[in-house]
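Everything below concerns the one structure shown next.
Note: hydrogens, waters and symmetry copies are ignored here, and every other heavy atom, side chains too, is used. Order of appearance sets the numbers: ligands from 1, and atoms from 1 within every ligand.
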Amino acid sequence: MKLILLGAPGAGKGTVAKMLTALDGSVQISTGDILRGAVKEGTELGKQAEAFMKAGDLVPDDLIMGIMEERLQQDDCASGFLLDGFPRTIPQAQALQALLEKIGVKLDAAVNLDVPREVILDRLTTRRTCSNSDCQEIYNVKSKPTQVEGVCDKCDSPVIQRDDETEEAISKRLDTYNEKTAPLASFYRDAGLILDVNATSSDAVVDAIKTQIGM
Ligand code: AMP
């Protein structure tokens, strides 16, 4: 399947993407994960992105498009992809449309995950992430704790609270989402691709997507 997952930070895009990859071998592509990996490794991209990310601001569109033009043309995307956290602005959506036309790829849907703000705030302040950039498994101190406190179940690396998941940065990220990313729902509605999912349960979201794309 070839899907865009739209939704505020904490709406469950990453969790849903991971569940969907297990269905048909589509790859999850998270620009946030790619950027965090680059920051950790200290690459040029990481150095350029770090300050924006810490402040809860968006990284400039040209940096993101540089990453995605390369990523979407890699061989593993042939079996499908789930775009998690991209596009985030109208210019990114327009550039993506042009890129997909150029490489002859058609999207199945843009899934709009709608979750109430209080649920999102609670989820993000209790979220913890594996610090290993190759793992980045997500935990939650309330609903999905690690077996050993502070240690990733999968790779034994320390599990941390992200710099951009302090209350101040979260509030900024939600404002940025409302201003810059929420308008993408109309963009994809006009393109006839939107699938609105009003759900706080990841299983219900996955079921709605399967029905929509006839799985
Ligand atoms: P995420 O894990 O998707 O919430 O992304 C974490 C941070 O990475 C965001 O707050 C932005 O600073 C940056 N980021 C991720 N994806 C994008 C994107 N498509 N456009 C601009 N900035 C992004």
Side-chain angles (χ1 to χ4, degrees), residues 3-18 20 27-41 43-72 81-100 107 110-113 115 117 119-140 159-185 187-188:
L3 294 181
I4 293 175
L5 298 170
L6 295 173
K13 300 184 296 294
T15 306
V16 166
K18 287 199 172 67
L20 293 171
V27 285
Q28 175 189 9
I29 304 178
S30 155
T31 39
D33 284 353
I34 294 172
L35 292 167
R36 277 184 291 280
V39 170
K40 187 115 197 278
E41 283 159 31
T43 64
E44 194 47 43
L45 168 68
K47 283 181 197 145
Q48 292 185 55
E50 189 170 14
F52 295 104
M53 295 173 74
K54 263 200 173 153
D57 281 327
L58 292 182
V59 171
D61 290 335
D62 55 342
L63 281 185
I64 299 291
M65 288 319 300
I67 301 173
M68 291 307 289
E69 278 193 23
E70 197 184 314
R71 184 66 189 89
L72 281 169
F81 51 78
L82 307 155
L83 303 184
D84 161 9
F86 169 85
R88 274 255 228 309
T89 62
I90 295 281
Q92 288 181 21
Q94 289 165 335
L96 173 65
Q97 200 171 30
L99 173 64
L100 293 178
L107 291 171
V111 182
N112 191 23
L113 304 180
V115 178
R117 191 179 169 108
V119 175
I120 285 184
L121 279 173
D122 184 57
R123 268 191 200 164
L124 288 184
T125 46
T126 53
R127 182 151 92 172
R128 300 291 181 269
T129 307
C130 174
S131 59
N132 171 1
S133 54
D134 292 330
C135 176
Q136 303 200 34
E137 183 70 10
I138 292 171
Y139 297 92
N140 185 289
V159 166
I160 53 158
Q161 181 166 28
R162 281 168 34 183
D163 284 343
D164 63 355
E165 286 179 354
T166 60
E167 282 210 47
E168 193 189 347
I170 291 168
S171 179
K172 178 77 195 294
R173 284 166 69 202
L174 290 176
D175 290 346
T176 303
Y177 176 80
N178 288 333
E179 185 194 334
K180 306 240 170 81
T181 310
L184 292 187
F187 180 93
Y188 287 110

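- The two atoms that bring Met53 and Val39 nearest to each other are SD-CG2, 4.1 Å, heavy atoms only.
- Note: Glu70 CD to Ile34 CD1 = 9.5 Å, rounded to the nearest 0.5 Å.
- The two atoms that bring Asp84 and Gln28 nearest to each other are OD2-NE2, 2.8 Å, heavy atoms only.
- Of all the atoms in ligand 1, the ones that sit under 4.0 Å from a non-hydrogen atom of Gln92 are 18 (C), 19 (N), 20 (N), 21 (C).
- Distances from atom 21 (C) of ligand 1 to the heavy atoms of Thr31, Thr176, Asp164, Val59 put Val59 nearest.
- Taking 4.5 Å as the limit, every side-chain heavy atom of Asn112 sits out of range of all side-chain heavy atoms of Leu184.
- No N or O atom of Pro9 sits closer than 3.5 Å to an N or O atom of ligand 1.
- Contact between Lys13 and ligand 1 is absent, with no heavy atom of the residue lying under 4.0 Å from the ligand.
- Proximity of Met65 to ligand 1, defined as any heavy-atom pair under 4.0 Å, is not found for any part of the residue.
- We find that Arg173 and Glu165 are joined by a salt bridge, their nearest charged nitrogen and carboxylate oxygen being less than 4.0 Å apart.
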For salt bridge (charged side-chain N to carboxylate O under 4.0 Å, His left out), just list the numbers for Asp33 and Arg36, CA-CA rounded to whole Å, side-chain angles, deciding distance to a tenth of an Å, and then say yes or no. CA-CA 5 Å; Asp33 284 353; Arg36 277 184 291 280; 2.9 Å; yes
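- Closest to atom 9 (C) of ligand 1 by heavy atom, among Arg88, Met53, Arg173, is Arg88.
- Which parts of ligand 1 touch Ile64 is read off a 4.0 Å heavy-atom cut-off, strictly below it: atoms 17 (C), 18 (C), 19 (N), 20 (N), 21 (C), 22 (N), 23 (C).
- Atom 14 (N) of ligand 1 has its closest protein heavy atom at Leu35 CD1, 3.5 Å.
- Nearest non-hydrogen protein atom to atom 2 (O) of ligand 1 is Arg36 NH1, 2.9 Å.
- Within ligand 1, the atoms closer than 4.0 Å to a non-hydrogen atom of Asp57 are 11 (C), 12 (O), numbered from 1 in the order shown.
- Residue-ligand proximity: Met68 is placed with every non-hydrogen atom at 4.0 Å or more from ligand 1.
- Contact of the Leu96 side chain with the Gln92 side chain is not registered, since no non-hydrogen atoms from C-beta on lie closer than 4.5 Å.
- When side chains are defined from C-beta on, Lys180 does not count as touching Arg88, because their heavy atoms never get closer than 4.5 Å.
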